[in-house]
Amino acid sequence: MKTALTIAGSDSCGGAGIQADIKTMMANGVYAMSAITALTAQNTTGVTSILNADSKFLGEELDAVFTDIYPDAVKIGMVSESDLIHVIASKLRQYNAKNIVVDPVMVATSGAKLISDDAIDTLKQELFSLADVLTPNIPEAEVLTGRTISNAEEMIDAAKMISETYNCAVLCKGGHTINDANDLLYANNTYRWFYGKRIQNPNTHGTGCTLSSAIASNLAKGFDLETSVCRAKDYISGALSAMLDLGKGSGPMDHGFAIDNIYTKEADI
Ligand SMILES: Nc1ncnc2c1ncn2[C@@H]1O[C@H](COP(=O)(O)OP(=O)(O)OP(=O)(O)O)[C@@H](O)[C@H]1O
Ligand SMILES: Cc1ncc(CO)c(N)n1
């Protein structure tokens, strides 16, 4: 079985962060492991508290994983402080990690800020150049380029700029702001659009986490980047189409929509 590691924050309501990542990896057929960067007290309406992991402890989590079950891919999500980013970058280098997907998480769907300003600089300086692919949404791409992005042409320019600056592929997610649900992959000086039909579902808590974990899972299985993005888009469209409706705010998706066996069926008896 192929293996994947998520380095991210815990979401107590289970729709984003570590919990979304593990569900996604399992649903995509890989063995999931985690190194937790922070605990969040969070639900579908907002984040009430964040407790960051101690950086030495995060290093120990990463040592424990890499020295035993080596991950075939690594996904990095919420990391809100610079000292945690230093440790992650140094461990990824030390263990020669491969298939690295970095989701530069800045703000939750509910609007809560999940990263400090100086940590954004550290992400840029230390982590981005280690990534195989970065997956910013439009507001994140605007912060990373210092430009306003209001149409498809500007998405291409921004993805190109980020890709050339950090020497990695960039998947800029059109999502809610610019177009249907079309994402732009810029890699090796060329771009390709991945078209997604907008699903009329207000429950989009954790979509970014889910997409990046699905990409990492497919890279772990040996698919190339374009195929991995395509399969990940397909998976997230399925999870949104299942129309799960939980919580008082923007709720989570049904990550297990395609899992169909005697254990899932028993719930209906
Ligand atoms: N209503 C929708 N229908 C279909 N696809 C969607 C919808 N909303 C988002 N997506 C897709 O989900 C993926 C994640 O994109 P999104 O822009 O939501 O990420 P994000 O803003 O980083 O998420 P998060 O709010 O979790 O940080 C993208 O492939 C996007 O196109
Ligand atoms: C822990 C965590 N990571 C990422 C996001 C972004 O959706 C979130 N809401 N919570």
Side-chain angles (χ1 to χ4, degrees), residues 5-25 32-55 57-58 61-62 74-88 101-124 127-128 134-144 172-173 175-177 181 201-216 236 239-240 243-256:
L5 166 67
T6 167
I7 306 174
S10 160
D11 168 12
S12 49
C13 80
I18 288 283
Q19 289 79 359
D21 298 340
I22 291 178
K23 293 175 195 180
T24 299
M25 289 168 179
M33 298 176 284
S34 63
I36 299 181
T37 58
L39 304 177
T40 70
Q42 177 175 185
N43 62 25
T44 62
T45 67
V47 179
T48 47
S49 192
I50 297 176
L51 180 64
N52 281 310
D54 168 74
S55 57
F57 179 76
L58 177 60
E61 289 184 89
L62 293 169
V74 179
K75 172 252 156 95
I76 299 158
M78 172 191 172
V79 196
S80 56
E81 296 293 346
S82 290
D83 57 345
L84 297 167
I85 299 167
H86 293 310
V87 170
I88 295 169
V101 181
V102 176
D103 184 14
V105 174
M106 295 182 190
V107 176
T109 313
S110 56
K113 197 165 179 239
L114 298 174
I115 189 165
S116 67
D117 291 337
D118 71 301
I120 295 177
D121 287 333
T122 316
L123 267 188
K124 292 192 210 169
L127 215 49
F128 285 3
L134 300 179
T135 63
N137 59 20
I138 298 287
E140 289 156 357
E142 289 183 325
V143 170
L144 297 177
C172 187
K173 297 170 290 189
H176 332 244
T177 9
N201 183 350
N203 298 309
T204 57
H205 181 83
T207 45
C209 307
T210 299
L211 184 78
S212 54
S213 292
I215 294 171
I236 199 158
L240 280 165
M243 299 306 270
L244 182 64
D245 190 13
L246 296 174
K248 300 188 174 83
S250 178
M253 290 167 288
D254 182 359
H255 290 94

Trainee: Kindly indicate whether the side chain of D103, heavy atoms from C-beta on, has any atom under 4.5 Å from the side chain of L211.
Mentor: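 In short, these two side chains do not touch, never coming nearer than 4.5 Å.
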
Trainee: Are P252 and Q19 packed together at the side-chain level, in the sense that at least one heavy-atom pair is separated by less than 4.5 angstrom?
Mentor: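 They are not in side-chain contact.
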
Trainee: For S250 versus P202, what's the shortest heavy-atom pair and its separation?
Mentor: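 Of all heavy-atom pairs spanning S250 and P202, the closest is OG-O, 2.9 Å.
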
Trainee: Heavy-atom distance under 4.5 Å between the side chains of N201 and M253, does that happen here?
Mentor: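 No, every pair of side-chain atoms sits at 4.5 Å or beyond.
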
Trainee: Applying the side chain to side chain contact (heavy atoms under 4.5 Å, CB included) criterion to M78, which one of I115, V105, D11 satisfies it?
Mentor: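 Checked I115, V105, D11 against M78; only one passes side chain to side chain contact (heavy atoms under 4.5 Å, CB included): V105.
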
Trainee: For K173 and T135, indicate whether the former's side chain and the latter's backbone hold a donor-acceptor pair under 3.5 Å.
Mentor: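 Yes, the answer is positive, given that a donor and an acceptor are paired below the 3.5 Å cut-off.
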
Trainee: As an exercise, state the distance from CG of L127 to CG of L84, rounded to the nearest 0.5 Å.
Mentor: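 It is 11.5 Å, given to the nearest 0.5 Å.
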
Trainee: Can you tell me how far OG1 of T210 sits from CD1 of I215, rounded to the nearest 0.5 angstrom?
Mentor: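 So the CD1 of I215 and the OG1 of T210 are separated by 11.0 Å.
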
Trainee: E140 and V143: side chain to side chain contact (heavy atoms under 4.5 Å, CB included), yes or no, with the steps?
Mentor: CA-CA 5 Å; E140 289 156 357; V143 170; 5.7 Å; no

Trainee: Has T44 got a side-chain atom pairing as donor or acceptor with G251's backbone, closer than 3.5 angstrom?
Mentor: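 A pair under 3.5 Å: no.
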
Trainee: For the side-chain hydrogen bond (donor to acceptor under 3.5 Å, both in side chains) test, which of T6, T24, D21 pairs with K75?
Mentor: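 Among the candidates, only D21 passes.
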
Trainee: Given side chains that start at C-beta, do those of L144 and M106 come closer than 4.5 Å, heavy atoms only?
Mentor: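 Side-chain contact under 4.5 Å: yes.
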
Trainee: Which distance, rounded to the nearest 0.5 Å, do you find between the CD1 of I76 and the CG of L134?
Mentor: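 Going from the CD1 atom of I76 to the CG atom of L134 covers 10.0 Å.
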
Trainee: A side-chain contact here means heavy atoms from C-beta on lying under 4.5 Å apart; do V107 and P139 qualify?
Mentor: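 When only atoms from C-beta onward are counted, P139 and V107 do not touch, as no gap falls below 4.5 Å.
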
Trainee: Specify the closest pair of heavy atoms between L5 and A35, including all atoms of both residues, with the distance to one decimal.
Mentor: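 Taking every non-hydrogen atom into account, CD1-N, 3.8 Å.
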
Trainee: What distance do M33 atom CE and I7 atom CD1 have between them, rounded to the nearest 0.5 Å?
Mentor: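 Separation between the atoms: 10.0 Å.
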
Trainee: Between S10 and I18, what is the shortest heavy-atom contact and its length?
Mentor: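 Residues S10 and I18, closest heavy atoms: N-CG1, 4.0 Å.
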
Trainee: Once rounded to the nearest 0.5 Å, what's the spacing between atom CG of L123 and atom CD1 of I85?
Mentor: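 CD1 of I85 is found 4.0 Å from CG of L123.
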
Trainee: Kindly say whether E81 contributes a backbone atom to a donor-acceptor pair with the side chain of S116 at under 3.5 angstrom?
Mentor: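 Here the side-chain-to-backbone pair does not exist.
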
Trainee: Looking at side-chain heavy atoms only, is the closest gap between S12 and N43 below 4.5 Å?
Mentor: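 Not touching, per the 4.5 Å side-chain cut-off.
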
Trainee: Hydrogens and angles aside, do T122 and S82 bring a side-chain donor and acceptor to less than 3.5 Å of each other?
Mentor: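 Judged by distance alone, the side chains do pair up.
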
Trainee: Measuring only between side-chain heavy atoms, which start at C-beta, is L244 closer than 4.5 Å to N203?
Mentor: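 Heavy-atom side-chain distance check fails, nothing below 4.5 Å.
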
Trainee: Is it true that N52 and S80 share a donor-acceptor pair across their side chains at a distance under 3.5 Å?
Mentor: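 Their side chains do contain a donor-acceptor pair, which is all the 3.5 Å distance test asks for.
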
Trainee: Which pair of heavy atoms, one from A108 and one from Q42, lies closest together, and at what distance?
Mentor: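 The answer is CB-OE1, 4.4 Å.
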
Trainee: Looking just at side-chain N and O atoms, do K248 and T45 make a donor-acceptor pair shorter than 3.5 Å?
Mentor: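 No pair is found: no donor N or O on one side chain lies under 3.5 Å from an acceptor on the other.
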
Trainee: Give a yes or no answer on whether the side chain of T37 reaches the backbone of V79 with a donor-acceptor pair at less than 3.5 Å.
Mentor: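 A pair under 3.5 Å: no.
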
Trainee: Taking all atoms of both residues into account, what is the closest heavy-atom pair of S212 and C209, and its distance?
Mentor: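 Taking S212 first and C209 second, the nearest heavy atoms are OG-O, 3.1 Å.
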
